[in-house]
Protein chains: 2
Amino acid sequence: MTITLNVQGMTCNHCKMAVTNVLSELAGVQHVEVHLQEGTVNVEYDEAKVNVEQMKEAIEDQGYDVQ
Amino acid sequence: MTITLNVQGMTCNHCKMAVTNVLSELAGVQHVEVHLQEGTVNVEYDEAKVNVEQMKEAIEDQGYDVQ
């Protein structure tokens, strides 16, 4: 399963790494791609193990807004 | 001795930390203050131990431009 999240506030490569890392740490997340310019994050995941709400929380904990 | 450096490309708190940390690691640097909005970095330092060129190099190594 793949989802595209709209994330506000990612400005630089540090932000990209912060979001990539925190999502990758979630069990069930298989692949993460952050597109800084577009403000989007593509996440490939196992929906039996993780849900979108958990992803949003993880990203928001890093200080970014998920729309 | 205190200097104000104009640094381009610092966009977020990760950038602020990266610049603060790399400068603080230089022997002779006593205090660092990054102002994101202004794009400036105030550095208090011992000019017998460190020079501005070393600071610039350290910042540029992190991927920012010093003017």
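In what follows, chains are A, B, ... by sequence order, proteins preceding strands, each numbered from 1. Quick note: numbers below take in every heavy atom, side chains included, and nothing from hydrogens, waters or symmetry partners.
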key: Shared hydrophobic cluster for V43(A) and L36(A) (ILVMFWY, side-chain gaps under 4.5 Å)   = yes
ask   = For chain A, which residues from residues 6-21 of chain B have at least one heavy atom closer than 4.5 Å to it?
value = T11(B), C12(B), H14(B), C15(B), A18(B)
key: Close approach to chain B in residues 49-57 of chain A, criterion heavy atom under 4.5 Å   = none
